[in-house]
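Here is the structure we will look at, set down as structure tokens.
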Amino acid sequence: MKIKSICCLGAGYVGGPTMAMIAAKCPDIQVTVCDMNQERIDAWNTNELPVYEPGLHEVVVTARGRNLHFTTDIRPAIAAADLIFVSVGTPTKTYGIGAGRAADLRYIESAARLIAEVSHGHKIIVEKSTIPVKTASAIRTIITANTTSECTFEVLSNPEFLAEGTAVADLENPDRILIGGETTDSGKAAVEALAAIYARWIPRERIITTNLWSSELSKLVANAFLAQRISSINSISALCEATGADVDEVARAIGHDSRIGPKFLKASVGFGGSCFQKDILNLVYLCESFGLPEVATYWRQVVDLNNWQKSRFVENIVRTLFNTVNGKRIAILGFAFKKDTNDTRESPAIQVCRDLLREHAHLAIYDPRVDRASIHQDLSDAKIPASLIASNVEIHTDPYAAMKDAHALAALTEWDEFRDLDFKRIHDLMFKPAFVFDGRAILPTAKLKKLGFEAFIIGKGR
Ligand code: UDX
Ligand code: ADP
């Protein structure tokens, strides 16, 4: 089966960039990206894309208007497609059974119902969103119950492994593509049809095919293993601070062991992002559901350690600033969950800032990409009065303005530009002693010390 037309439900951080790459690589395939969110679709049709990713604009411009289209007109796009990617959000449930752990599948379910309502002929439905294991069977059940026998379909799992900030490079040259499908003849044909699309630019040996459940589970497990490495090194960062060891030196020493490897060993104020915590909680819920409490507890600890790392960072700030930050101005450098993205989902900066606000600190926040509205929305919390946010949070577009009259600065995102700030100027602007809390170990420590800063570096101590 040759695919001529693709539709993608969900124009978010995954759907938008992934479809742009497919369209750029396959000019003969029509790719339509749909979303109910008119504002988001409008932005995809301008030069101010809703997602900031280095290199993405160039990829979008190559194909937009030719074979890449962004629309809110979802039904005709589904009807015309041979293959439909489902790339809608799957947030953690905040209510009812499994609250705080299970994935909320309402967007997946409504997408499946819509596909059933609109489809004719044969369709391949591809799960792109990260979903709990066995979601493919739920999609199949919904569609079977709502279509006539003339309509045939296959459900595939094709999890996305791109990381934000490097999405374009990851899509262009991925470590692997994973496709899970049924082992029936039509299942195998569907897997091959999707594999043939990726094979236009990705070597065949990197396209792995498995059964549906292995594919769905592999996505959760890959993220759990990556996050586990960060929690492991972050646990050691606390020990390094206590003993005088340097966590970067320890990471370098162990990372040279080819069995361990050097990646994902950078100690930090904590991991963030839309995937790690959500996927681990999902895995935990899955283990509990299958009667494996020991396995659930093992993985749960990765998230618990991450929360502890954020709390202890704030406690250190408060303790160092003579046990009170009440009314003190703290400059926050970086709000995104990592560099090179405007995404703040689960960013460690959210918990750090909320905890500091509960201590009545005055925050002056600077991030090169995150907008004011996102920061305000992220900081709103039932436990923090809106009036406190209004009076104690300033958002700056100039880092030096944030630093003026600050008692301390806290670096929470590893933006490259922070390394090259004029620290002499910053020292002059700040109250003395000028405290620095580097939650990413990226600032030039020797220079800071020479200038007279009181610097605390994660995993290195004072
Ligand atoms: C992750 C996975 O890497 C990707 O394969 C999957 O598709 C989605 O989830 P992402 O969340 O975009 O990608 O970014 P990633 O680079 O993995 O970073 C996640 C968090 O871990 C960030 O907050 C980052 O700052 C932090 N991190 C990463 C560390 O603290 N230390 C490290 O060594 C690496
Ligand atoms: P991700 O990081 O997984 O891409 P996002 O939240 O950035 O997640 O994007 C998911 C997008 O899916 C949102 O823009 C949301 O409006 C969209 N969406 C949710 N349900 C549907 C649906 N049934 N049809 C089309 N788009 C949908």
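Just so you know, ligand 1 is whichever comes first in the structure, and atom 1 is the first atom listed for that ligand.
- Counting heavy atoms closer than 4.0 Å to ligand 2, residue Arg345 contributes side-chain atoms (C-beta onward) but none from N, CA, C or O.
- Relative ring orientation between Phe453 and Phe423 is described as perpendicular, the plane-to-plane angle rising above 60° on a 0-90° scale split at 30° and 60°.
- Proximity of Glu160 to ligand 1, defined as any heavy-atom pair under 4.0 Å, is confined to the backbone N, CA, C and O atoms.
- We find the CG-CG distance between Leu357 and Leu379 to be 6.0 Å, quoted to the nearest 0.5 Å.
- Atom 8 (C) of ligand 1 has its closest protein heavy atom at Cys275 SG, 3.5 Å.
- Here the heavy atom of the protein found nearest to atom 26 (N) of ligand 2 is Gly10 N, 3.4 Å.
- Ring centroid separation for the pair Phe225 and Trp299 comes in under the 6.0 Å cut-off.
- Of all atoms in ligand 2, numbered sequentially from 1 with element shown, those under 4.0 Å from a heavy atom of Gly12 are 4 (O), 5 (P), 7 (O), 9 (O).
- Of the charged side-chain nitrogens involved, none lies within less than 4.0 Å of a carboxylate oxygen, so that Glu414 and Arg419 do not count as a salt-bridged pair.
- No hydrogens or angles considered: nothing links the side chains of Thr32 and His69 as a donor-acceptor pair under 3.5 Å.
- Nearest protein heavy-atom neighbour of atom 18 (N) of ligand 2: Val88 CG1, 3.7 Å.
- Nearest protein neighbour of atom 3 (O) of ligand 2, counting heavy atoms only, is Val14 CG2, 3.9 Å.
- In this structure a side-chain-to-backbone donor-acceptor pair under 3.5 Å is missing from Glu127 to Pro159.
- For ligand 1, the polar-atom distance check against Gly273 finds no nitrogen or oxygen pair separated by under 3.5 Å.
- A salt bridge is absent between Lys123 and Glu154; no separation between the charged side-chain nitrogens and carboxylate oxygens falls under 4.0 Å.
- Nearest non-hydrogen protein atom to atom 14 (O) of ligand 1 is Lys338 NZ, 3.1 Å.
- Of the possible donor and acceptor atoms, one in the side chain of Lys128 sits under 3.5 Å from a partner among the backbone N and O of Asn158.
- The cationic atom of Arg462 (NZ for Lys, CZ for Arg) does not lie both less than 6.0 Å from the six-membered ring centre of Phe456 and within 45° of the ring axis.
- The protein atom (non-hydrogen) at minimum distance from atom 10 (C) of ligand 2 is Gly89 N, 3.4 Å.
- Some N or O of Asp35 is nearer than 3.5 Å to an N or O of ligand 2, by distance alone.
- For Ser347 and Lys338, the side-chain atoms include no donor-acceptor pair closer than 3.5 Å.
- In terms of protein heavy-atom proximity, atom 2 (C) of ligand 1 is closest to Asn223 OD1, 3.5 Å.
- Scanning the protein for heavy atoms near atom 21 (C) of ligand 2, the closest one is Met36 SD, 3.1 Å.
- In this structure, atom 12 (O) of ligand 1 lies nearest to the protein heavy atom Glu164 N, 2.7 Å.
- The shortest N or O to N or O distance between Arg40 and ligand 2 is below 3.5 Å.
- Between Arg312 and Glu241, at least one side-chain N (NZ, or NE/NH1/NH2) sits under 4.0 Å from a carboxylate O, which counts as a salt bridge.
- With respect to atom 27 (N) of ligand 1, the closest heavy atom belonging to the protein is Ile230 CD1, 3.4 Å.
- Between Pro348 and ligand 1, a contact under 3.5 Å exists for no N or O pair.
- Counting the atoms of ligand 1 from 1 in the order shown, those under 4.0 Å from a heavy atom of Lys219 are 6 (C), 7 (O).
- Of all atoms in ligand 1, listed by their number and element, those nearer than 4.0 Å to a heavy atom of Ser268 are 29 (C), 30 (O).
- Counting protein heavy atoms only, atom 19 (C) of ligand 1 is closest to Phe276 CE1, 3.5 Å.
- Of the candidates Phe264, Phe161, Phe271, Phe161 brings a heavy atom nearest to atom 5 (O) of ligand 1.
- Residue contact annotation: Arg440 has a non-hydrogen atom under 4.0 Å from ligand 1.
- Annotation: Ala11 places no N or O atom under 3.5 Å from an N or O atom of ligand 2; distance criterion only.
- In the model, Asp340 has no side-chain atom that pairs as donor or acceptor with a side-chain atom of Tyr52 under 3.5 Å.
- Using a 4.0 Å cut-off between charged nitrogen and carboxylate oxygen, Lys219 and Glu160 do not count as a salt-bridge pair.
- With respect to atom 33 (O) of ligand 1, the closest heavy atom belonging to the protein is Lys266 N, 2.9 Å.
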Practice prompt. Go through the steps for Asp381 and Lys383 under the test salt bridge (charged side-chain N to carboxylate O under 4.0 Å, His left out), then give the verdict.
Written response: CA-CA 5 Å; Asp381 176 7; Lys383 293 189 201 121; 5.4 Å; no
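- Under the 4.0 Å criterion applied to side-chain N and carboxylate O atoms, Glu109 and Arg113 are assigned as salt-bridge partners.
- In terms of protein heavy-atom proximity, atom 7 (O) of ligand 1 is nearest to Leu162 O, 2.8 Å.
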